[in-house]
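Shown next, in structure tokens, is the structure this report addresses.
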2 protein chains.
Amino acid sequence: MNLPAELESLVVHFGEMGSRWGFNRTVGQMFAVIVFSEAHLNADQIANLLGISRGNVSMGLKELQSWQLIRVHHKSGDRKDYFKPAGDIWELALQVLSERRKREVEPTLSILRGQLMNESSNDNFVSVKVEEIHNLLELFNSWFDDIHRMKPESLMTLLKLGSGVGKVLDLKHRISKKDVSQ
Amino acid sequence: MNLPAELESLVVHFGEMGSRWGFNRTVGQMFAVIVFSEAHLNADQIANLLGISRGNVSMGLKELQSWQLIRVHHKSGDRKDYFKPAGDIWELALQVLSERRKREVEPTLSILRGQLMNESSNDNFVSVKVEEIHNLLELFNSWFDDIHRMKPESLMTLLKLGSGVGKVLDLKHRISKKDVSQ
DNA sequence: TCGTGTTTTCAGAAATTTCTGAAAATTATA
DNA sequence: TATAATTTTCAGAAATTTCTGAAAACACGA
């Protein structure tokens, strides 16, 4: 690795975490180097900085693009592709969550829907569990859809409030009968 | 695999998803077979049902216990250990999220804290990014802590409400100056 | 069209992860 | 304490994932 010392430990760490976040070590390192570099980088620079092959960089960039975490940028008079993060830290975090939901819950949800469709009886143990899991995932899914559409600042307020929301809900019940959930 | 047909496809799927959920294929299958079996199972039964070695089952059970997703149960007059899910579907889901936070965000958070501690200047590009990520993860972390302590039914209400919470918050601002967030 | 700079692909190599099964360790019973 | 039942460990084998680098494909200007 040919990285400035200050970056090396960060990049190594993001590599180690990479697999936990849904991609592999090299892709994690590539993402880190793109996020922490002020200048946009081209594939050769990334290969040099991380000391990996050009082919590997090409594959990694494709992966990061499929996650919509990076974007191409062109410099005039330069035929190379330069890469930059696809938004600020907040947008990147939401994007990771969004992609992970797609890859981690959608497939299970469609299997479970299938099971519920073509099962004869639905009062046996397995069916009951299938339905419980299905309902939980559907609920989570629509909640995520919903909050994903919120403006960042509203979302931030919500996060800061945390379980305090429970108290606000109580307040709502005390002072109003009107249903505000729609 | 020596599974009833109805279970086979579910178990295979949970195996495929396993790695995305933080463990490996076999561990995912083991978890599925434990969750979808009404009777508590012992290690030999699991090995037989899934067609894998006894040693592998032992390692997988240890993994699932480290995630606090299964618990041991003893039958009187039987020296074997029997395993059962460590709660209902709702509790299991929260437990998965909780463990994943521990494994996926805590380590990064402590690296970032370290960076912020011993860096000389803090107005360069890297420092700014480090701080942004740090703040986001801290915020997420305390939010999660917070809602994790809520009663399931309150949590469910919150999920169902989704971004409707935003409307409730507006309502709060319109009708009250009192800070209910503490 | 050709030539040059660039990116992508992919077969095989390398690295990593997972799995087996026999031996060791543990635990309960008599 | 000895025996038997059970679980755990772990070295090596098997399976899977990741990486390399050369060749192919692509894109643009002349």
Side-chain angles (χ1 to χ4, degrees), chain A residues 1-2 11-12 14-34 40-67 70-84 103-104, chain B residues 1-2 11-34 40-67 70-84 103:
Chain A
M1 278 197 203
N2 304 311
V11 168
V12 167
F14 273 68
E16 281 163 2
M17 296 309 284
S19 53
R20 302 206 165 163
W21 281 89
F23 21 78
N24 68 37
R25 178 165 63 248
T26 308
V27 174
Q29 291 179 350
M30 291 177 53
F31 185 52
V33 102
I34 290 170
H40 303 163
L41 301 172
N42 66 44
D44 288 319
Q45 293 175 313
I46 296 171
N48 284 330
L49 287 168
L50 298 179
I52 59 179
S53 76
R54 188 57 225 307
N56 199 1
V57 170
S58 180
M59 291 186 295
L61 289 170
K62 236 178 55 178
E63 174 84 350
L64 286 170
Q65 284 176 297
S66 86
W67 279 73
I70 62 173
R71 270 204 262 281
V72 193
H73 178 254
H74 288 104
K75 292 193 190 325
S76 61
D78 188 337
R79 286 170 56 182
K80 285 193 163 66
D81 291 343
Y82 287 79
F83 295 89
K84 62 179 179 186
R103 294 160 195 241
E104 294 172 12
Chain B
M1 278 197 203
N2 303 311
V11 168
V12 167
H13 175 79
F14 273 68
E16 280 162 3
M17 296 310 283
S19 54
R20 303 205 165 165
W21 281 90
F23 21 77
N24 68 37
R25 180 166 62 248
T26 309
V27 174
Q29 291 179 350
M30 288 176 54
F31 185 52
V33 102
I34 289 170
H40 304 161
L41 301 173
N42 64 44
D44 289 316
Q45 292 175 315
I46 296 171
N48 283 329
L49 286 168
L50 299 178
I52 60 179
S53 75
R54 189 54 228 300
N56 200 0
V57 170
S58 179
M59 293 186 295
L61 288 171
K62 238 178 55 177
E63 174 84 351
L64 288 170
Q65 283 176 297
S66 88
W67 280 74
I70 61 171
R71 271 204 261 281
V72 194
H73 178 254
H74 287 105
K75 291 194 191 324
S76 62
D78 188 338
R79 286 169 58 180
K80 285 193 164 66
D81 291 343
Y82 286 79
F83 295 89
K84 61 179 178 185
R103 294 159 195 241

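The chains referred to below are lettered A, B, ... by the order of the sequence lines, with proteins before strands, and numbering in each begins at 1.
Counting any heavy atom pair closer than 4.0 Å across all strands shown, B:D81 reaches sugar-phosphate atoms only and no base atom. Residue B:R54 is in base contact, counting any heavy-atom pair closer than 4.0 Å across all strands shown. B:I52 comes within 4.0 angstrom of sugar-phosphate atoms only, judged by non-hydrogen atoms across all strands, and of no base. Within 4.0 Å (heavy atoms only), A:N56 reaches at least one base atom of the nucleic acid.
Side-chain contact between A:Y82 and A:K75 is present, with heavy atoms from C-beta onward closer than 4.5 Å.
Annotation: of the two residues near DNA chain D, B:G55 and B:R25, the 5′-most nearest-nucleotide partner is B:G55. Nearer the 5' end of DNA chain C, as judged by each residue's closest nucleotide, is the contact made by A:D78, out of A:D78 and A:K62. Each of B:D44 and B:M59 lies near DNA chain D, and the nucleotide nearest B:D44 is the one positioned closer to the 5' end.
Between the CE atom of B:M17 and the CZ atom of A:R103 there is a distance of 11.0 Å, given to the nearest 0.5 Å.
Of the possible polar contacts, none joining the A:N42 side chain to the A:K80 backbone as a donor-acceptor pair under 3.5 Å is found. No donor-acceptor pair under 3.5 Å is formed between the side chain of A:R20 and the backbone N or O of B:G22.
The nucleotide range of DNA chain C contacted by chain B, defined by atoms under 4.0 angstrom from heavy atoms of the protein and reported 5' to 3', is C:dT18 to C:dA28.
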Dump the intermediate steps for side chain to side chain contact (heavy atoms under 4.5 Å, CB included) on A:I34 and A:L61, then the final yes or no. CA-CA 10 Å; A:I34 290 170; A:L61 289 170; 4.2 Å; yes

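Shown here is A:K62, whose NZ atom has no more than 12 heavy atoms of other residues, nucleotides or ligands within 6.0 Å.
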